[in-house]
Amino acid sequence: MNKVFIIAEAGVNHNGSTELAKKLIDAASVAGADAVKFQTFKAEKLVSKNAQKAEYQKQTTGKAESQFDMIKKLELDEATHHELMAYCKSKNIIFLSTPFDHDSIELLDTLGLEIFKIPSGEITNLPYLRHIGKLGKRVILSTGMTDIGEIEDALDILIDAGTKKENITVLHANTMYPTPMEDVNLKAMVTIGKTFDVSYGYSDHTLGIEVDIAAVAMGASCIEKHFTLDCAMEGPDHKASLEPDELKEMVKAIRNIEIALGSSVKKPSKSEMPNMQVARKSIVADKPIKKGEPFTQDNLAVKRPGNGITPMRWDEVIGTIASKDYQEDEMI
């Protein structure tokens with residue numbers, strides 16, 4: 001597609017509620033996003049019972065609660081997947097979900113998902129990558145916490161397993177929530193694209209929308225951004241998410257940047273053509289000139305409007321002979 005593929009990342013901001021998930025779909029649809037993305041996992045297959053939370057999760061959820069207990073409350077069962085997919089269809093927005101284990105990959109494939117989003121945390125998971133690669137679907141690969149060699153390894157696994165390179169989009173990302181501006185390193189996004197000759201984009205965890213807009217201006221074909229109904233809600237990702245009005249502003253800004261980027265051909269635009277005669281200048285008589293007099297530096301000037309002889313031909317005109325009388329300011 002020529003337009004940027006915008007993924008509104010609902011993630012686990014539904015807090016385990018189907019109704020809240022539907023409200024998130026509503027917000028993403030109203031904002032004009034192309035897709036809304038959730039997460040598909042079984043807590044038992046994703047995290048060990050004694051695994052610690054990330055520091056940002058400790059700050060946004062109860063410190064006494066384990067990562068397993070936090071994750072368990074955020075599972076979406078198969079029936080809910082069917083319900084949310086149908087709801088997305090009714091709202092004319094693509095349903096996406098990131099799988100975090102093999103059973104979840106199989107579930108999403110069975111449900112007919114055509115695009116598989118691989119999160120940063122799974123980019124070093126060879127069996128997982130190979131499983132998705134064998135499906136031959138479109139793949140969006142996030143690369144938070146990686147170096148260029150790890151990205152190369154992941155791409156090799158996906159392609160060797162059966163996914164076509166042209167069906168892969170690689171997203172530059174930083175997995176701190178929120179990401180400090182000094183750690184964004186947006187130029188690395190372009191490095192990824194050039195190094196591997198793949199479509200590239202940006203999965204954003206900064207506060208605000210300016211980095212997403214910059215990414216589009218730098219050639220991103222896909223933008224992913226967390227959003228929520230209310231940043232003050234309890235849960236691990238709400239505080240680093242956009243609220244609906246901000247999401248709408250981000251989509252609007254990206255669509256404007258898409259249009260503004262244009263064709264790369266430099267020529268006068270349709271809208272500015274009428275201004276050319278007004279703003280440009282012509283060669284005119286600086287004083288009365290009689291027929292038969294030579295044109296000189298002293299009796300010619302350059303003034304608006306621009307519908308006469310262009311001043312770029314000044315050297316050609318100097319020294320030629322007036323074929324008629326000219327009044328001051330009359331075009332030559």
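For reference, positions follow the sequence shown, starting with 1. Scope of the values below: all heavy atoms of this structure, side chains included, with no hydrogens, waters or symmetry mates.
The hydrophobic cluster of I321 has no other members, since no ILVMFWY side-chain heavy atom comes under 4.5 Å of it. Y326 shares a hydrophobic cluster with I283, I289, F295, L300, V302, I309, W314, V317, I318, I332; the chain of contacts runs through ILVMFWY side chains whose heavy atoms sit under 4.5 Å apart. Other cluster members for L207: none, since no ILVMFWY side-chain heavy atom sits under 4.5 Å from it. Cluster note: M276 groups with M273 through ILVMFWY side-chain heavy atoms spaced under 4.5 Å, whether in direct contact or through intervening members.
Every pair passing side-chain hydrogen bond (donor to acceptor under 3.5 Å, both in side chains) that includes a residue from residues 253-262 is listed here, sequence neighbours excluded: D34-R255, R255-E258. For residues 148-160, no residue pair satisfies the side-chain hydrogen bond (donor to acceptor under 3.5 Å, both in side chains) rule, not counting sequence neighbours. Residue pairs meeting the side-chain hydrogen bond (donor to acceptor under 3.5 Å, both in side chains) criterion with at least one partner in residues 111-134, sequence neighbours excluded, are H102-H131, E106-H131, K117-S142, K117-E224, E122-N125. Within the structure, the side-chain hydrogen bond (donor to acceptor under 3.5 Å, both in side chains) test picks out the following pairs touching residues 163-174 (sequence neighbours left out): N174-T179.
A distance-only check finds a donor-acceptor pair linking the side chain of S17 to the backbone of L20 [under 3.5 Å]. No side-chain donor-acceptor contact under 3.5 Å links D230 to the backbone of H238.
The salt bridge (Lys or Arg N to Asp or Glu O under 4.0 Å) search around D109 returns K137, not counting sequence neighbours. F95 meets the ring pair (Phe, Tyr, Trp, His ring centres under 6.0 Å) test with F38; sequence neighbours excluded. Remark: E328 engages no residue in a salt bridge (Lys or Arg N to Asp or Glu O under 4.0 Å) (not counting sequence neighbours). With sequence neighbours excluded, no residue satisfies salt bridge (Lys or Arg N to Asp or Glu O under 4.0 Å) with K252.
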- Message: D103 vs K42, test: salt bridge (charged side-chain N to carboxylate O under 4.0 Å, His left out). Steps then yes/no.
- Response: CA-CA 8 Å; D103 288 351; K42 289 291 184 183; over 6 Å; no

- Message: Let's go through I71 and F100 carefully: what are the C-alpha distance in whole Å and the side-chain angles of both, what is the deciding distance for side chain to side chain contact (heavy atoms under 4.5 Å, CB included) to 0.1 Å, and is it a yes or a no?
- Response: CA-CA 12 Å; I71 291 292; F100 283 84; over 6 Å; no

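In this structure, E44 does not pair ionically with K49, as no charged nitrogen and carboxylate oxygen lie closer than 4.0 Å.
The closest side-chain donor-acceptor pair between S97 and T40 falls under 3.5 angstrom. Checked by atom type, the side-chain pair D204/T206 shows a donor-acceptor distance below 3.5 Å.
Among all heavy-atom pairs drawn from P244 and T228, the shortest one is CD-O, 3.1 Å. Contact record, Y177 with A240: CB-CB, 4.0 Å, taken as the closest heavy-atom pair.
Hydrophobic clustering (side-chain heavy atoms under 4.5 Å, transitive across Ile, Leu, Val, Met, Phe, Trp, Tyr) keeps V30 apart from L84.
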